[in-house]
2 protein chains.
Amino acid sequence: MVRSDARENREKILAAARDLFLESGEAPSTNQVAQRAGVGAGTLYRHFPTREALVLAVYQDEVDRIIADVPEILARETPLEALRLWTLELVAGMRRKHGLGDALGASAHQSIAEQTYGPVIAAIDTMLDAGKSDGTIRADAEAGDYLQFTGALWRAAPGPEDRAPRMLALLLDALRADPA
Amino acid sequence: MVRSDARENREKILAAARDLFLESGEAPSTNQVAQRAGVGAGTLYRHFPTREALVLAVYQDEVDRIIADVPEILARETPLEALRLWTLELVAGMRRKHGLGDALGASAHQSIAEQTYGPVIAAIDTMLDAGKSDGTIRADAEAGDYLQFTGALWRAAPGPEDRAPRMLALLLDALRADPA
DNA sequence: ACCTGAACACCGTTCAAGT
DNA sequence: ACCTGAACACCGTTCAAGT
């Protein structure tokens, strides 16, 4: 049985992590998060056994929200255009949450990627398959490769000029089926 | 005047950082590096005022080595093929040094990217320009966008199967000039 | 059952004291 | 001029003691 105070604490911790990150743009320390949430450090570690688990939970939320948009976009746009619009959303979302994983280390990053991998791949596959069916997307396009490429898009810092839209156009050019 | 012991210490510290990283695959702490190099912590900070500066120095070495290969490759290969071979080298080099920057944080990552940016862009431009001149590479190809995309290649973990060669082929397809 | 918060081992960095 | 290494403030994580 989960006590209601435990459930509330979990939410308070997640909210504190999100808020602190939004305020500073830097990944907050676990002790900072616990203090902001008004709980002891041990309580944080009861709910999230490791810093990685806490960051993962925040990411998962964002990714779920973005994935949920796919059916609607695909219903009203052509497959390639749906892919373009959705990818811009993904890029914006990843940029929002990015710094969170900064203090994490390679293996932690990888396990986070693995946890969120399946659903995102499924979302991309939905759009790729639609394009392969109507002949607008080349048949050998791979969702895994595509996802990997999107990483390059949100890492392109939008300084004076955002490279992402132009890079995305180039990438979609590569995916377009030959008119042959 | 730089004393010879100071010059030697600089080299010892860099070598220690490289060795420790090679052994563990994880970014070593500055105190670990100082101990391995056989110098005090303060000496390390005299030569590299910040952890970031130390990591940057190790990266710079690797990048310089890779850039130096461009003229030779371009002399014996077609521009697109030179770009392909050189990019595979870059991917291998980046994968070798990657974990080093793990503990660094977004702003440090960015300043490292900026420091190494110019020479790498120049190297890519050499190859792109060669291809634009002979009409094999589309005229609107951008070195900055290309470099950004290569980040997605070396981040593609070579697990059971390395995605990088196939992703690179797709990317080069996009750069190829229309036969129109 | 769940919580608190002092404590642990470690981190990057500093600085007084030495040569 | 350059070096050493103890010390500082902080980190992620643990665990005895409380309710």
**Report entry** Those residues that, when tested against A/E52, pass salt bridge (charged side-chain N to carboxylate O under 4.0 Å, His left out) (two or more places apart)
**Finding:** none
Query raised in the report: How many Å lie between CG on A/L54 and P on D/dC11, as a whole number?
Result: 14 Å
Query raised in the report: Near DNA chain C, under 4.0 Å by heavy atom, which residues of residues 29-41 of chain A?
Result: A/G38, A/V39, A/G40, A/A41
Report task. List for me each residue that meets salt bridge (charged side-chain N to carboxylate O under 4.0 Å, His left out) alongside A/D61, sequence neighbours excluded, and say none if there are none. Result -> A/R18
Query raised in the report: In whole angstroms, how far is the P atom of D/dC2 from the NZ atom of B/K12?
Result: 15 Å
Query raised in the report: In whole angstrom, what separates B/R7's CZ from D/dA1's C1'?
Result: 14 Å
Query raised in the report: Which residue lies toward the 5' end of DNA chain D, A/P28 or B/D5, if each is placed at its nearest nucleotide?
Result: B/D5
Query raised in the report: What pairs of residues pass the salt bridge (charged side-chain N to carboxylate O under 4.0 Å, His left out) test when at least one of them lies in residues 75-87 of chain B, not counting sequence neighbours?
Result: B/E72-B/R76, B/E81-B/R84
Query raised in the report: OP1 or OP2 of D/dT13 less than 4.0 angstrom from a side-chain nitrogen or oxygen of A/T50, does that happen here?
Result: yes
Report task. Pull out every stem in DNA chain C, meaning runs of 3 or more consecutive Watson-Crick or G-U wobble pairs with both distances under 3.5 Å. Result -> C:4-8 with D:12-16, C:12-16 with D:4-8
Requested in this report: Kindly point out which of C/dT13, D/dC2, C/dC3 is positioned nearest to the side chain of B/R46?
Outcome: D/dC2
**Report entry** Residue pairs, two or more places apart or on separate chains, that pass ring pair (Phe, Tyr, Trp, His ring centres under 6.0 Å) and touch residues 67-99 of chain B
**Finding:** B/H98-B/W154
Query - Pairs meeting criterion salt bridge (charged side-chain N to carboxylate O under 4.0 Å, His left out) with involvement of residues 118-136 of chain A, two or more places apart - result: none
Query raised in the report: Can you tell me how far CZ of B/R96 sits from CD of B/E62, rounded to the nearest 0.5 angstrom?
Result: 4.5 Å
Query raised in the report: Within the pair A/Y45 and D/dT14, is there a side-chain N or O less than 4.0 Å away from OP1 or OP2?
Result: no
Query raised in the report: Excluding sequence neighbours, so at least two apart, what forms salt bridge (charged side-chain N to carboxylate O under 4.0 Å, His left out) with A/R138?
Result: A/D140, B/D173
Requested in this report: Nearest-nucleotide wise, let me know which of A/G42 and B/E52 is further upstream toward the 5' end of DNA chain C.
Outcome: A/G42
Report task. Give the rounded distance in Å between these two atoms: CG of B/L44 and C1' of D/dC2. Result -> 14 Å
Report task. Using whole Å, report how far CG of A/N9 lies from P of D/dT19. Result -> 17 Å
**Report entry** Residue pairs fulfilling salt bridge (charged side-chain N to carboxylate O under 4.0 Å, His left out) with at least one residue in residues 146-163 of chain B, sequence neighbours excluded
**Finding:** A/E142-B/R163, A/D145-B/R163, B/R95-B/D162, B/E161-B/R166
Query raised in the report: In whole angstrom, what separates B/R51's CZ from C/dT14's P?
Result: 14 Å
Requested in this report: Considering just the side-chain nitrogens and oxygens of B/H47, establish if one lies under 4.0 Å of OP1 or OP2 belonging to D/dC3.
Outcome: yes
Report summary line: Expected list for residues 14-27 of chain B near DNA chain D, using heavy atoms below 4.0 Å, is none
Query - Contact list for residues 36-47 of chain A, test salt bridge (charged side-chain N to carboxylate O under 4.0 Å, His left out), sequence neighbours left out - result: A/E23-A/R36
Report task. Not counting sequence neighbours, which residues clear ring-ring contact (aromatic ring centres under 6.0 Å, His included) with A/Y146? List them please. Result -> none
Query raised in the report: Should B/L171 and B/T87 count as side-chain neighbours, where that means a heavy-atom distance under 4.5 Å?
Result: no
Query raised in the report: Would a 4.5 Å heavy-atom cut-off, applied to side chains only, mark A/F48 and A/L56 as touching?
Result: no
